[in-house]
Amino acid sequence: MTTNYLTTRAISHREQVCALYKKAVRTMEAYWVIRADVRYQAVMMRHRFDQNKDIKDMRIAVKLLRDGEEELFMNQHPIPFQYQYSPGGSAYGRVPYKPDWLVDSWHPLEKASYPKYFAQREKRKDEWVKYWEDHYNKGQKFDDHEPEWHGNWDEKLPGEKVGLDPHKKVKPHHH
Amino acid sequence: MTLWLSGFFFVFFLIMTFFLFSMGVTVIEFQLFTSFFTSLSVSFVIDFYSILFASVVSFISAMIFFFSQFYMDGDTQQKGFSLLLSGFVISMFFLIFSPNLFFLLLGWDGLGLVSYLLVVYYMSVSSSVAGMLTFLMNRVGDIFFLFSLSLFSLFSLFSYFDNKALVFVQMGAFFLLITFITKSAQIPFSSWLPAAMAAPTPVSSLVHSSTLVTAGVFLLIRFSPLMLKFFYFLIVISVFTMLMAGTMANLEWDMKKIIAYSTLSQLSFMMLSYSTGLIIFCFFHLLTHALFKASLFMSGGLVIHSEDSSQDFRNMSPFSSGKKLFASSFVVCILSLCGFPFLSGFFSKDLILDTLLSSFVLIILFLIGVFMTILYSLRFSYYMLISLSSFRSSLSGVYENVKYLILPIWSLIIFSIVMGSFWSEFFFNFFFFFTYLLSIWKLFYLMLVAFLSLAYMFILKKIFFLKLYFFSFMWVLNQNMTARGVKLFTIMADKIFCFLDQSWWEFYGPQNIFFSFTSASVLVMSFVEWSLVYFFALFIFLLFFFI
């Protein structure tokens with residue numbers, strides 16, 4: 001249930017090799033059940049990776065990478081291991097998640113069937129907004145506390161820091 | 001509520017046990033209507049088979065209701081769940097007690113519908129898919145049931161008391177056979193059985209031990225005089241199902257699915273003994289299998305519960321000291337499944353093995369199937385007990401209500417230890433004798449099995465065929481019976497539409513008929529017109545004649 005086939009950004013060779021190693025170890029976990037066996041196989045695999053770590057010629061390196069991916073594909077497990085609450089796991093999606101905002105999307109006529117509840121609900125919502133603005137937003141008009149990234153998240157480089165836009169002016173707090 | 005239902009079924013079990021000691025056949029019949037030779041009646045047959053099977057079913061369902069009270073604790077739909085489960089058991093009783101095909105159909109469809117509702121109990125996409133697969137596969141069986149019902153009703157025969165007469169309707173008997181093998185999940189209808197594992201564990205325990213899948217075998221036993229001509233067909237089907245289920249159970253990692261495949265292989269074992277004529281042995285194995293399989297499922301459910309709904313063996317933590325009772329319950333059930341001496345499985349399996357060894361064509365395949373049974377049992381208990389792969393699992397404590405959950409499991413286990421010898425002694429009157437010469441081959445066989453399973457554990461794991469999808473997906477049965485099967489039918493229908501319906505069939509069929517009928521009617525009309533003239537002429541002639 002992965003979307004690895006969707007290439008949405010340029011991946012460096014180094015990252016591809018790391019991903020290949022991770023996938024290889026995950027595949028081994030599906031084959032060898034006992035932890036010691038898995039660790040032994042992982043060390044052997046790491047040794048194979050390490051043997052070729054100093055290759056400078058990119059043509060050979062890319063060929064090795066492609067061969068490794070081919071080998072991974074040929075050795076994939078028919079019944080891959082998956083955690084129970086992950087997609088493909090045995091207990092995935094058993095209890096449906098019903099978001100609270102679903103009630104807000106009711107038709108006004110439907111809402112009118114429960115006047116007391118909805119009056120109370122609107123009141124509580126206003127109270128919650130007020131609470132948020134008093135305690136967390138510190139009286140600012142806009143929510144500046146969420147990390148901002150003006151662009152595609154997939155294009156974000158791994159080391160890049162996510163935070164406030166440095167060009168944006170923020171009012172000093174009065175507290 | 002669930003506990004009330006549990007008590008109800010336990011009382012029913014006690015009543016059944018009371019009936020059991022007054023052997024005889026009682027038929028209660030309420031006539032609905034009679035006209036000429038047809039009579040439709042609601043009837044219940046209380047005889048050896050139905051009483052014994054109903055007592056087992058009611059005992060197991062009482063234990064499972066007790067279990068599900070605590071297993072499904074905290075679930076929002078618990079009341080509806082237990083009502084559905086009781087509906088399931090009641091339709092099973094319809095199936096057991098009624099000899100009439102109409103009321104068998106009622107119980108049959110009840111089982112199909114309620115099993116669908118129980119499989120889709122969890123609201124995930126995968127369980128919805130599994131439920132639909134289960135329902136549609138059983139619908140195929142229902143269609144064949146309706147075919148056979150219509151064929152039998154040509155002779156106004158509606159119950160298996162009319163066996164002697166029913167033999168004349170061979171086509172109907174064959175359709176009935178197809179119906180029963182869909183319910184018992186033999187090849188090619190096996191794909192729904194592991195899919196139905198999406199249901200909660202108490203449901204699996206009830207469905208796959210004593211009710212749904214064994215309904216087919218039970219009705220085969222009931223209709224056995226009809227099926228004599230199809231025994232060779234059934235032998236081949238059951239041997240291949242046994243092999244398929246054995247390989248699948250050895251390659252699967254999902255704990256519940258392994259138990260489901262073992263159920264499938266035991267079912268085909270029963271089918272095999274049935275189709276070689278050992279019908280009473282088949283029934284005996286049905287009963288003993290129901291007991292230990294229900295307890296196996298329940299103890300599996302206990303582990304799943306304490307592992308936070310994880311069913312994969314690769315995600316299991318080792319058994320802590322608090323789980324010794326679980327582990328021993330597993331061991332007893334597994335040993336009974338293998339036919340370890342003097343457990344209930346031994347009494348039923350050993351009889352069949354000994355008898356089949358003397359004369360049987362597919363003996364090698366059969367022995368491989370039995371070998372597979374022992375292999376997957378050992379594998380199951382190995383991974384269940386010695387598995388050290390605790391790295392993935394969170395720290396899981398022992399479930400608080402263990403004492404309530406252990407009670408039904410262990411009462412079933414005690415039954416499955418005791419009842420094998422008890423039934424064979426008092427009800428079936430089987431005769432056992434053991435000699436060294438007769439039994440020594442089993443010792444060698446067991447040694448071979450132990451050696452091969454060790455080899456499997458350490459060496460065969462690397463063999464290429466274990467990675468093949470063919471073996472890991474039920475011999476590609478699932479795809480062939482769903483997507484590819486539908487595609488095949490669609491292509492066939494398209495070809496038929498193009499080459500027959502729109503061309504030759506149309507030309508020689510409707511258009512030809514239309515043309516010939518028009519020309520014929522023109523001819524007839526001309527006759528009619530002329531005959532009017534003749535009539536008028538005759539009238540005038542006669543008029544003149546008389547004047």
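Chain letters run A, B, ... following the sequence lines, proteins first, then strands; residues in each count from 1. Computed from a prediction, not measured in an experiment: that's the story for all the values here.
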(message) Under 4.5 Å from any heavy atom of chain A, what part of B:Ser127 do you find: side chain, backbone, both or neither?
(response)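 Interface part for B:Ser127: neither.
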
Taking all non-hydrogen atoms of both residues into account, name the closest pair between [X] and [Y] and its distance.
{"X": "A:Ile79", "Y": "B:Leu251", "value": "CD1-O, 3.7 Å"}
{"X": "B:Ser309", "Y": "A:Ser90", "value": "O-OG, 3.3 Å"}
{"X": "A:His77", "Y": "B:Arg314", "value": "CE1-NH1, 3.6 Å"}

Flag yes if more than 12 heavy atoms outside [X] fall under 6.0 Å of its [atom1] atom; otherwise flag no.
{"X": "A:Met58", "atom1": "CE", "value": "yes"}
{"X": "A:Lys125", "atom1": "NZ", "value": "yes"}
{"X": "A:Tyr40", "atom1": "OH", "value": "no"}
{"X": "B:Phe240", "atom1": "CZ", "value": "no"}

